[in-house]
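Beneath this line is the structure, given in structure tokens, with notes to follow.
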Amino acid sequence: MDLLQSSYTPDDEDDDEQQPLSSPDASPLRLPAKSAAPAVDDTALALSAAAASTSRPLDPSLHLVPFNPTADQLWAPVLGPQHPHAPISSASGNRNHKLGHVEDAAVLPFLFDEQYNTFHRFGYAADPSGLHIVGDAQPSAEPDTVYNLAPSEHKRRRLQSKDEEGANQEPLPPEAKNPASDEWILRNKQSPWAGKKEAPPAELTEEQRQYAEAHAAKKAEKEARGEGKGEKSDMVAKSTFHGKEERDYQGRSWITPPKDAKASNERCYIPKRCVHEWVGHTKGVSAIRFFPKYGHLLLSASMDCKIKIWDVLESRTCMRTYMGHSKAVRDISFSNDGTKFLSAGYDRNIQYWDTETGQVISTFSTGKVPYVVKLNPDEDKQHVLLAGMSDKKIVQWDMKSGQITQEYDQHLGAVNTITFVDNNRRFVTSSDDKSLRVWEFGIPVVIKYISEPHMHSMPSISLHPNSNWLAAQSLDNQILIYSTKERFQLNKKKRFAGHIVAGYACQVNFSPDGRFVMSGDGEGSCWFWDWKSCRRFKTLKCHNGVCIGCEWHPLETSKVATCGWDGVIKYW
């Protein structure tokens, strides 16, 4: 009863008042459990259990570890017996190789090669930790590697090893010192075939002797002509005038443009039919150029080593023939006023001609084939000549002094085109290395290098009349458009295709108003595209062979000249 009374509290009274004991819903009285044992602090017990769990080895079958084990626990061998057919794990003895445990080490290729070569050269090397030396031969002092030894030390050690080898070898027999003996040949041979004695050279047969004499005579004749090593040819440059008279009754030269020559219409139209053919070259025509600004004369370069100029407006006949190259003519270029022009031939010469008289003013050569020649378009720099050569260089001459003033040497292939942009302060070159490079004039440093994996060689580049775009003939049968602004970006929205030019350096050109793009192709056709829509506008069948060149007349807005490898120049 005393225990019941001691456990009775005033709260119980309230509960009794709220729910009388005599009610059927009342639960039986439950007494709280009390322990007579004193309270015990179990903190030390928990810490000791945790310490025991962290010190004992891990069970490999556990999937969850409730604490952070140490490296010794992770790699400790499994205690107790093992299944005889169970696979060997790294925890059971820490073996991942038949000879023990192999650790992965991150080593730079240079450091690995250094230690590898040092071990094979000196017989010792440092392990990846750098703390121990591995190998039979131990360094006497600070270990050296093959890369930090001076050349004199390498030489000293090499001589020392030779001396040691010589001391261990038996002395050579006397016949081993005679180069005529078999013993010497066997000891000094450099290949499996060097041990055999060479038989004395057999005498030439009569046929072989005749062939050798003919070859020597032909070589001497070729050197005498100056064709052997890029020497200047002895061919005398000459010119023939075919017109009626070189000056008219007023004393005007035959190259003087007509006074009333002006553009009949600013809008250009596509030609429809051939109005004239110029036939005079005996081989294919490689390039044509209209007289600057007026177009009353047409200059043509051919593979028959000749350059001809034709009258376009009146008689439409050949006016003059220029003969100065001993091989095919590759490229021609007028000066700004048309009174002079440049020609580049496969005889490795660049000749500067007077258009009116046909005289060669000067000749330039580096001993390499010039692929493209161009004068600086600035009026005050008309004496500066740029030539793209077959030896990957762009050479700049001062024609007044005849000296080479600059060489632009960055390309990896023969230079094909030179195009001035940005008010003639820069120029763009293309090459057989499938790249475009932009240069500051006079500075042999590339300011922009354009080369993509999908690019092909671009043997012809033309500048749009508004000077904002470059059209590049790509040898994957398309014409690509590049901006002439600072970044020289490819315009991916403009692409002209459909023609077949793979393997041919067909010229690409614009109409004077910039509305049309035109190009020859390998099948003898001339293609016209609309500049804005990039759609093919028209195709003319022009030549029986390759249509290599096309030029739009600067004033006659609907007339075009084309040339091909059939030796014919057509006016449309």
Side-chain angles (χ1 to χ4, degrees), residues 268 270-274 277 281 283-289 300-303 328 330-331 371-372 413-417 419 430-436 450-464 469-482 490-511 514-552 560-572:
C268 293
I270 302 295
K272 297 180 179 179
R273 60 187 178 87
C274 180
E277 292 185 6
H281 288 293
K283 293 184 180 179
V285 181
S286 54
I288 53 174
R289 301 286 184 269
S300 65
S302 171
M303 300 177 191
R330 164 82 186 204
D331 191 31
Y371 282 173
V372 57
V415 181
N416 291 325
T417 65
T419 309
S430 67
S431 166
D432 286 344
D433 60 6
K434 303 178 183 179
S435 70
L436 295 178
I450 305 170
S451 180
E452 299 291 342
H454 60 78
M455 286 176 60
H456 287 68
S457 181
M458 299 178 183
S460 175
I461 292 181
S462 182
L463 183 66
H464 192 276
W469 305 99
L470 286 174
Q473 181 83 267
S474 180
L475 286 187
D476 57 348
N477 300 326
Q478 61 179 344
I479 298 173
L480 303 178
I481 306 299
Y482 289 88
L490 172 66
N491 189 341
K492 297 181 180 179
K493 295 182 179 179
K494 286 193 181 295
R495 173 179 166 273
F496 304 92
H499 57 321
I500 305 297
V501 293
Y504 303 104
C506 296
Q507 182 185 354
V508 60
N509 221 318
F510 288 97
S511 60
R515 290 178 56 236
F516 299 107
V517 181
M518 66 175 176
S519 167
D521 78 344
E523 298 175 350
S525 301
C526 186
W527 291 62
F528 297 87
W529 294 271
D530 183 68
W531 168 253
K532 285 189 176 180
S533 65
C534 300
R535 293 179 179 175
R536 181 180 68 87
F537 205 92
K538 193 171 186 178
T539 303
L540 295 174
K541 178 61 178 176
C542 300
H543 298 274
N544 295 327
V546 180
C547 179
I548 199 71
C550 55
E551 284 269 337
W552 209 295
V560 171
T562 62
C563 65
W565 284 1
D566 55 359
V568 180
I569 304 167
K570 294 187 178 181
Y571 194 41
W572 301 80

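Note: hydrogens, waters and symmetry copies are ignored here, and every other heavy atom, side chains too, is used. Quick caveat, the model's predicted, so the values are computed rather than measured.
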Parallel, tilted or perpendicular, judged at 30° and 60°: which one describes the rings of W531 and F496?
parallel

Drop me the distance from W572's CH2 to E277's CD, to the nearest 0.5 angstrom.
8.0 Å

Using the side-chain contact (heavy atoms from CB on, under 4.5 Å) definition, which of the options L475, I450, L480, D432 pairs with M458?
L480

When rounded to the nearest 0.5 angstrom, what is the spacing between OG1 in T562 and CG in N509?
12.0 Å

Check whether any side-chain heavy atom of H456 sits under 4.5 Å from a side-chain heavy atom of Q478, and report yes or no.
no

Do S286 side-chain atoms and M303 backbone N/O form a donor-acceptor pair below 3.5 Å?
no

If you count heavy atoms of other groups shown closer than 6.0 angstrom to NZ of K283, is the number above 12?
no

Polar contact flag, side-chain donor to acceptor under 3.5 angstrom, T539-S525:
no

Are any side-chain N or O atoms of K492 and backbone N or O atoms of K494, one a donor and one an acceptor, separated by less than 3.5 Å?
no

What closest approach, in Å, do A301 and V285 show between heavy atoms, and which atom pair accounts for it?
O-CG1, 3.3 Å

In this structure, are over 12 heavy atoms from other groups packed under 6.0 Å from K570 atom NZ?
yes

Exercise: identify the closest heavy-atom pair between V546 and G522
CG2-O, 3.7 Å

Under the criterion side-chain contact (heavy atoms from CB on, under 4.5 Å), which of T417, V372, I479, V508 is the partner of I461?
T417

With side-chain hydrogen bond (donor to acceptor under 3.5 Å, both in side chains) as the test, pick out the partner of Q473 among S460, S519, S457.
S519

Can you name the closest pair of heavy atoms from N477 and A502 and give their distance?
OD1-N, 3.0 Å

Quick one: closest heavy-atom pair of W529 and A497, and the distance?
NE1-O, 3.2 Å

CE-CG distance between M455 and D476, expressed to the nearest 0.5 angstrom:
10.0 Å

What one should report as the nearest heavy-atom pair of F516 and C268 is CE1-O, 3.4 Å

Rounded distance [0.5 Å steps], NE2 in H499 versus SG in C506:
7.5 Å

Can you confirm if the aromatic rings of W565 and Y504 lie within a centre distance of less than 6.0 Å?
yes

Working for side-chain contact (heavy atoms from CB on, under 4.5 Å), residues L470 and I481
CA-CA 6 Å; L470 286 174; I481 306 299; over 6 Å; no

Using 0.5 Å steps for rounding, measure from the CG atom of D566 to the NE2 atom of H281.
11.5 Å

Taking C-beta and beyond as the side chain, do D331 and R289 meet within less than 4.5 Å on heavy atoms?
yes

Rounded at 0.5 Å granularity, tell me how far CZ in R515 sits from CZ in F510.
14.0 Å

Would you say S511 and F528 make side-chain contact, with heavy atoms under 4.5 Å?
no

If every non-hydrogen atom of I569 is compared with every non-hydrogen atom of S300, which pair is closest and at what distance?
CD1-CB, 3.4 Å

